[in-house]
4 protein chains.
Amino acid sequence: MGRKEREFEQRKREILEAALRLFSQKGYKATSMREIAKESEFAVGTLYSFFPNKRRLYEEIVLEKAREISKRVTSVFDEGLDPLATLKRLVEVKIATLHAYSDFIRLYYSVLWEARFGVKETLSEGVLALYEEYLAKLERVFAEGVDKGIFKDRSPRFYSLAFEGMMNALIQESIHQGFQFSSEEAIELFLGSVLREDGP
Amino acid sequence: MGRKEREFEQRKREILEAALRLFSQKGYKATSMREIAKESEFAVGTLYSFFPNKRRLYEEIVLEKAREISKRVTSVFDEGLDPLATLKRLVEVKIATLHAYSDFIRLYYSVLWEARFGVKETLSEGVLALYEEYLAKLERVFAEGVDKGIFKDRSPRFYSLAFEGMMNALIQESIHQGFQFSSEEAIELFLGSVLREDGP
Amino acid sequence: MGRKEREFEQRKREILEAALRLFSQKGYKATSMREIAKESEFAVGTLYSFFPNKRRLYEEIVLEKAREISKRVTSVFDEGLDPLATLKRLVEVKIATLHAYSDFIRLYYSVLWEARFGVKETLSEGVLALYEEYLAKLERVFAEGVDKGIFKDRSPRFYSLAFEGMMNALIQESIHQGFQFSSEEAIELFLGSVLREDGP
Amino acid sequence: MGRKEREFEQRKREILEAALRLFSQKGYKATSMREIAKESEFAVGTLYSFFPNKRRLYEEIVLEKAREISKRVTSVFDEGLDPLATLKRLVEVKIATLHAYSDFIRLYYSVLWEARFGVKETLSEGVLALYEEYLAKLERVFAEGVDKGIFKDRSPRFYSLAFEGMMNALIQESIHQGFQFSSEEAIELFLGSVLREDGP
DNA sequence: TATGAATGAGTGTTCATTCAT
DNA sequence: AATGAATGAACACTCATTCAT
């Protein structure tokens with residue numbers, strides 16, 4: 001990649017970072033191209049030489065970050081661990097990754113939520129695709145666990161949704177409200193149960 | 001209530017329903033008063049004789065529905081059940097209620113999410129207040145369960161967040177993606193565990 | 001005039017008085033039909049059964065009041081006085097009349113001014129006509145005074161405009177700013193001169 | 001001042017001139033931003049890149065012109081003339097100046113009138129301040145004339161109001177109705193008297 | 001006849017997008 | 001390639017006017 005290209009990528013990156021800050025704070029509609037231009041120290045017109053329109057700028061940044069998050073989290077599936085260990089590791093990595101992207105989390109979940117549950121004209125089908133991919137891998141882990149007799153015999157999708165719902169709720173609370181919990185607690189809760197086995 | 005008043009309420013309801021459809025599909029910012037007027041088959045000016053401005057129209061619709069949902073779900077806490085039975089009942093009622101309000105669910109969670117995790121100047125503090133109230137009652141149930149030795153000794157907040165996260169994820173999926181599950185499965189999962197007790 | 005007609009006129013009067021208060025305080029554009037309805041304790045629709053539109057309501061009230069003022073002031077010309085006495089009497093009557101209509105004065109001069117100096121689409125040609133009539137009579141007084149050798153030989157229009165300008169300025173100041181002056185002072189100034197005849 | 005700046009000023013001037021024509025003909029409220037855009041041959045949005053809102057556009061145009069008029073007229077007070085000569089000169093300069101600004105006169109007097117005699121929330125306090133300043137200087141001239149025994153012993157305010165009222169009425173008539181008069185006539189009338197000293 | 005709910009054209013203002021420089 | 005002035009469609013909201021009751 002020559003200097004030209006490197007500089008081009010560098011400029012694009014600066015725009016994306018500036019846009020991320022603003023979109024994350026104020027949302028898509030409430031952020032204007034003029035503001036992004038000011039924040040990134042480019043002219044409005046310049047933004048349009050990198051992105052065909054506001055929507056694509058938004059989609060691109062969201063997708064890029066989502067890809068980074070996805071990459072980190074999904075890498076767990078390639079570690080060759082057994083289902084139980086995979087889940088444990090997944091919790092750790094999810095916590096670490098989402099905290100690392102805490103500025104973007106608000107935007108991320110909101111996009112994801114819109115994409116999954118059907119807001120018309122959603123801005124990020126790409127993000128949805130990544131998530132579905134992740135979910136599919138997660139389901140495979142649960143399926144394997146069930147096959148191997150480690151997990152009770154329930155639908156892998158059911159397990160996946162429950163796992164994701166629980167973990168995401170805890171992580172969001174920890175990022176936005178400062179609620180503290182460890183990955184051990186979380187995985188124990190999910191795996192263990194809330195019922196004491198030895199009863200009262 | 002005379003005919004006039006009844007008609008007034010009827011018209012107001014028609015506007016609110018039309019607005020609900022649009023806000024739910026496209027969000028607050030992306031829905032224009034003109035569209036609401038068209039959808040409700042009133043003139044723009046008429047909207048303003050029922051609501052002082054767009055924001056209040058939005059808040060009114062969201063708060064009304066949220067109150068109805070809250071009322072139904074929270075009523076479970078008044079049934080005088082023990083913690084375990086309360087949780088079971090809660091899952092049933094949540095599923096039934098949220099399905100009954102399926103048009104509104106998208107908007108509901110999105111408002112709640114914005115209110116809890118972000119976005120200054122949220123449009124619905126009332127909704128947040130209702131949810132926090134619910135969460136407080138749920139925590140009390142878990143606290144009681146822990147006290148009585150039914151549940152393992154963990155923070156009630158931790159339990160509540162996990163419970164809510166898991167159930168909401170399952171219910172949302174069932175509403176929007178047609179994923180089917182029973183309340184028994186859900187509560188068993190939460191209470192029971194994913195691990196077989198007799199292991200492999 | 002039967003009861004019906006009397007009542008009709010009475011209602012019309014109430015509307016006009018209410019409208020006058022509002023137009024006078026806030027101007028034509030800033031006063032809404034709804035406000036006039038509220039102030040007059042009629043429904044908006046009722047206003048339209050007395051006046052075909054807002055503009056005519058405005059014109060009618062302005063014209064009515066202008067006619068009253070005009071009648072009182074113009075009556076001086078019918079008193080059969082000589083030019084000098086007419087001017088003196090005119091000053092007295094103008095002061096008294098305009099003070100009596102002080103609520104309306106702001107509106108009156110503003111309409112007159114617009115009508116005379118050509119704001120397009122002026123709302124009150126009738127008021128202009130009345131004033132021109134008055135001015136014509138005043139010119140005749142000056143013409144007579146010049147003919148009789150009482151006044152220096154200048155154009156009656158010149159005299160009239162100067163007289164009106166001076167008197168109106170003083171009267172407006174007295175009404176709006178509380179500046180006090182007597183009709184004697186005013187007429188002496190106009191007739192006398194500012195120069196001492198015996199010089200320094 | 002570079003080409004850019006010059007062009008900026010030129011465009012701003014074109015907008016101001018267009019707005020002046022419209023405000024002058026129809027008044028503030030009755031003139032819409034769209035009309036100003038059309039008249040100035042710019043887009044609506046362009047207007048807002050020169051002025052933050054309609055009101056400021058109005059104030060700017062009014063205040064600018066008022067300042068120019070004020071500057072020219074008030075300069076007479078700095079010529080070091082005696083009271084009598086000052087008044088003579090003032091009449092000449094007022095006539096010349098107001099004729100030079102004849103497009104603006106209608107608006108000028110209307111703003112001045114509103115500011116002096118009425119209307120809360122006037123749009124141009126600056127214009128009023130300029131006029132009060134002028135009036136104060138004029139009063140000082142009359143006070144000096146009285147002190148020196150040139151003028152009869154009357155209140156300077158009284159003299160000033162009468163002078164202004166008379167002259168403005170004449171000048172307005174000459175601008176709007178084509179009535180012709182010379183400064184000599186006007187000042188003679190004011191100073192001299194309408195009464196022949198040698199009577200009939 | 002009197003009412004006021006309903007209408008929709010019109011308002012001031014914003015902002016994504018274009019394009020001459 | 002980069003700029004930002006210019007554009008005009010779109011927005012939330014107002015209000016003179018109409019008309020079913």
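Chain naming here is simple, since letters A, B, ... match the order of the sequence lines and numbering starts at 1 in each.
At a threshold of 4.0 angstrom between heavy atoms, the contacts of C:Phe8 with the nucleic acid are absent. Counting any heavy atom pair closer than 4.0 Å across all strands shown, D:Phe50 reaches sugar-phosphate atoms only and no base atom. Within the 4.0 angstrom heavy-atom criterion, base atoms lie near D:Arg34.
The residues A:Lys65 and A:Glu17 are annotated as salt-bridged, a charged nitrogen and a carboxylate oxygen being separated by less than 4.0 angstrom. Using a 4.0 Å cut-off between charged side-chain N and carboxylate O, A:Glu60 and A:Lys12 make a salt bridge.
Taking atom NZ of residue C:Lys38 and atom P of nucleotide E:dA5, one finds them 11 Å apart after rounding to whole Å. Whole-Å rounding puts the C:Lys26 NZ to F:dC15 C1' distance at 13 Å. Between C:Lys29 atom NZ and E:dT11 atom C1' there is a gap of 9 Å when expressed in whole angstrom units. For the pair B:Leu47 CG and F:dC15 C1', the interatomic distance rounds to 16 Å; values are reported in whole Å. The distance from atom CD of B:Glu7 to atom P of F:dA20 is 15 Å, rounded to the nearest whole Å. Look at NZ on A:Lys54: it is 19 Å from P on F:dA9, rounded to the nearest Å. Rounded to an integer number of Å, the gap from CD of C:Glu14 to C1' of E:dA2 is 14 Å. In this structure, B:Phe51 atom CZ and E:dA6 atom P are separated by 12 Å, rounded to whole Å.
In this model, the phosphate group of F:dA5 is not approached by any side-chain N or O of D:Thr46 to a distance below 4.0 Å at OP1 or OP2.
Distance from the side chain of B:Phe42 is smallest to E:dA6 among E:dG12, F:dA6, E:dA6. Picking from E:dT13, F:dA12, E:dA16 the nucleotide with the shortest atom distance to the side chain of D:Val44 gives E:dT13. Looking at the side chain of A:Ser32, the nearest of the listed nucleotides F:dA2, F:dA12, E:dA16 is E:dA16. Distances were taken from every side-chain heavy atom of D:Arg11 (C-beta onward) to each of F:dT17, F:dA6, E:dA2; the shortest belongs to F:dA6. Of the candidates E:dT13, F:dA2, E:dA16, the closest approach to any side-chain atom of D:Met33 belongs to E:dT13.
Across the interface with DNA chain E, nearest-nucleotide mapping of D:Thr31 and C:Gly45 shows C:Gly45 to be the residue nearer the 5′ end. Comparing B:Ala30 and D:Ala43, the nucleotide of DNA chain F nearest to each residue sits closer to the 5' end for D:Ala43. In terms of position on DNA chain F, the residue among A:Glu41 and B:Tyr48 whose nearest nucleotide sits closer to the 5' end is A:Glu41.
E:dA9 and F:dT14 make up a base pair, with Watson-Crick or G-U wobble contacts both under 3.5 Å. The partner of F:dT21 is E:dA2, judged by Watson-Crick or G-U wobble contacts that both fall below 3.5 Å.
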**Audit row: C:Phe23, C:Tyr58, ring-ring contact (aromatic ring centres under 6.0 Å, His included) steps and yes/no** = CA-CA 8 Å; C:Phe23 284 138; C:Tyr58 179 78; 4.9 Å; yes
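Remark: aromatic rings of C:Phe50 and C:Phe8 are close, center separation under 6.0 Å.
Both tests hold for B:Lys54 against B:Tyr28: distance to the six-membered ring centre under 6.0 Å, angle to the ring axis within 45°.
Note that the NZ atom of C:Lys26 and the OG1 atom of C:Thr31 stand 5.5 Å from one another [nearest 0.5 Å].
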